[in-house]
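Structure first, commentary second.
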Amino acid sequence: RDDIMTYLINKGVESSLSFTIMESVRKGKGLKPEWEEAMLANNVPDWYIWSCKKIKYMFPKAHAAAYVMMAWRIAYCKVFYPLAYYAAYFSIRASAFNYELMCLGREKLEKNMREIRKKIATKTAVPKDEDMYGDMKIVQEMYARGFTFLPIDIYTAKAHMFQIIDGKIMPALDAIDGLGEKAADAIVEAVKDGPFLSRDDFKTRCKVSQTITDSMAELGLLGDIPISNQMTLMDFLSI
């Protein structure tokens, strides 16, 4: 990009005009007639002017250098701080992370990956499937490197950020399929008021649906919390 400005200045085009032409060309906006006249007046070749009109976008050198530096930093973290890398990636970059499909072991993950590949091959996959498959490949890489997930602990998990605990990664609450951002925030807030007495108490205090409550229970995320606050006769007799 800067080569255009330097070239035009060396040809005798005024500095500020050279900069203006460079910015217009690099953004794919072409040349104004008066700019072409100034370039011709300073013996800029026709082929060069023609090329400036064809350019759709030019990547600035400073941006290119910044991206290369960023890539090196990411690679360094991925090699030497892998858990931090994966936790950050899943928290920030993952677009369709799914706790049930990805965090219950490598075998189940790869089974789900095969199913999505079949959908992609038969052109029956939806955009979410393809986004999910991209996240699955990163999870597969993580498993291959010997790292695993911790089950979500509703009293410890954060709403949107994955955490490193005891050398493993605990997913965020919003990684649970169907649990939106507001619901995840609500769970974190409800936890501050103490343990849940029952699934009904969890549903009421967190303002989540029965479907989500049942799904979390099936995944083992509600532990041994009883279904209802109401004591059964057997509960009473066991006291």
Side-chain angles (χ1 to χ4, degrees), residues 67-117 128-196 199 202 205-206 208 212-226:
Y67 276 113
V68 169
M69 291 173 65
M70 187 185 303
W72 274 105
R73 291 188 182 111
I74 292 172
Y76 183 88
C77 288
K78 190 170 186 178
V79 172
F80 295 104
Y81 300 94
L83 287 173
Y85 168 82
Y86 291 117
Y89 183 92
F90 297 141
S91 298
I92 300 168
R93 299 291 296 175
S95 57
F97 198 96
N98 185 301
Y99 178 84
E100 184 176 1
L101 300 182
M102 303 183 196
C103 300
L104 302 184
R106 183 174 180 178
E107 185 177 341
K108 184 167 184 178
L109 167 77
E110 293 182 343
K111 175 179 178 292
N112 293 324
M113 291 180 75
R114 288 193 294 272
E115 291 176 358
I116 292 181
R117 278 201 299 270
K128 185 177 179 180
D129 289 327
E130 296 185 6
D131 291 341
M132 191 180 296
Y133 190 76
D135 293 340
M136 284 176 162
K137 288 195 290 186
I138 302 298
V139 175
Q140 184 184 40
E141 174 190 280
M142 189 194 90
Y143 279 133
R145 296 181 70 184
F147 304 112
T148 58
F149 293 101
L150 274 175
I152 288 177
D153 181 333
I154 57 175
Y155 296 107
T156 305
K158 295 185 181 297
H160 315 296
M161 301 298 291
F162 286 57
Q163 302 176 80
I164 302 170
I165 300 176
D166 296 331
K168 297 181 180 181
I169 294 178
M170 180 180 290
L173 289 165
D174 64 5
I176 299 169
D177 188 38
L179 187 70
E181 292 184 5
K182 290 183 179 180
D185 289 330
I187 292 173
V188 171
E189 287 301 311
V191 164
K192 295 177 182 178
D193 295 327
F196 300 105
R199 295 181 194 176
F202 173 82
R205 284 166 54 188
C206 299
V208 296
I212 289 296
T213 303
D214 291 343
S215 175
M216 291 179 68
E218 288 173 9
L219 289 169
L221 304 183
L222 298 184
D224 57 0
I225 298 175

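- A pairwise comparison of heavy atoms in Lys128 and Ala96 identifies O-CB, 4.1 Å as the closest pair.
- The two residues Ala157 and Pro171 come nearest to each other via the heavy atoms CB-O, 4.0 Å.
- Rounding to the nearest 0.5 angstrom, the gap separating the CE atom in Met136 from the CD1 atom in Ile116 is 4.0 Å.
- Contact check for Phe147 versus Ile169: no side-chain heavy atoms found under the 4.5 Å cut-off.
- Within the 4.5 Å cutoff, the side chain of Met102 has heavy atoms near those of the Met132 side chain.
- Surrounding NZ of Lys108 are more than 12 heavy atoms belonging to other residues, nucleotides or ligands, all under 6.0 Å away.
- Taking the side chain as every heavy atom from C-beta outward, Val208 and Ile176 never approach each other to under 4.5 Å.
- A pairwise comparison of heavy atoms in Pro151 and Tyr99 identifies CA-OH, 3.3 Å as the closest pair.
- Once rounded to the nearest 0.5 Å, the distance linking CG of Asp177 with CG of Asn98 reads 4.5 Å.
- Other residues, nucleotides and ligands place more than 12 heavy atoms under 6.0 Å from the CZ atom of Arg145.
- Between the CE atom in Met113 and the CZ atom in Arg106 there is a gap of 10.0 Å [rounded to 0.5 Å].
- In this structure, Tyr155 places its OH atom where more than 12 heavy-atom neighbours from other residues, nucleotides or ligands lie under 6.0 Å away.
- Checked by atom type and distance alone, the side chain of Asp166 never pairs as donor or acceptor with a backbone atom of Lys168 at under 3.5 Å.
- Sequence neighbours left out, the pairs with a member in residues 158-178 that pass ring-ring contact (aromatic ring centres under 6.0 Å, His included) are Phe90-Phe162, Phe97-Phe162.
- In this structure, NZ on Lys137 lies 12.5 Å from CG on Leu109, to the nearest 0.5 angstrom.
- Ionic pairing of Glu110 and Arg114 is not present here: no N-O contact between side-chain nitrogen and carboxylate oxygen is shorter than 4.0 angstrom.
- With contacts defined as side-chain heavy-atom distances shorter than 4.5 Å, the pair Phe196/Val191 qualifies.
- Between Leu173 and Leu179, the closest heavy-atom pair is O-CD2, 3.1 Å.
- Side-chain contact between Thr156 and Leu150: absent, with no pair of heavy atoms (C-beta onward) separated by less than 4.5 Å.
- Contact between Met170 and Ile165 at its shortest, heavy atoms only, is CE-CD1, 3.9 Å.
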Output a table of donor-acceptor pairs, distance under 3.5 Å, between side-chain atoms of residues 74-83 and any protein atom two or more places apart or on a different chain; print 'none' if there are none.
residue : atom : partner : partner atom : Å
Lys78   : NZ   : Glu141  : OE1          : 3.1
Lys78   : NZ   : Glu141  : OE2          : 3.0

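- Checked by atom type and distance alone, the side chain of Tyr143 pairs as donor or acceptor with a backbone atom of Gly105 at under 3.5 Å.
- Rounding to the nearest 0.5 Å places OH of Tyr85 at 9.5 Å from CZ of Arg93.
- For Asp135 (side chain) and Ser95 (main-chain N/O), a donor-acceptor pair under 3.5 Å exists by modelled atom type.
- Within the 4.5 Å cutoff, the side chain of Val188 has no heavy atoms near those of the Lys158 side chain.
- Nearest heavy-atom pair across Ala190 and Cys206 is CB-SG, 3.7 Å.
- Applying the 6.0 Å contact sphere to CD of Glu115 captures more than 12 heavy atoms from other residues, nucleotides or ligands.
- Between the Asn112 side chain and the Leu101 main chain, a donor and an acceptor come within less than 3.5 Å of each other.
- A distance of 5.0 Å separates CG in Leu222 from CE in Met216, rounded to the nearest 0.5 Å.
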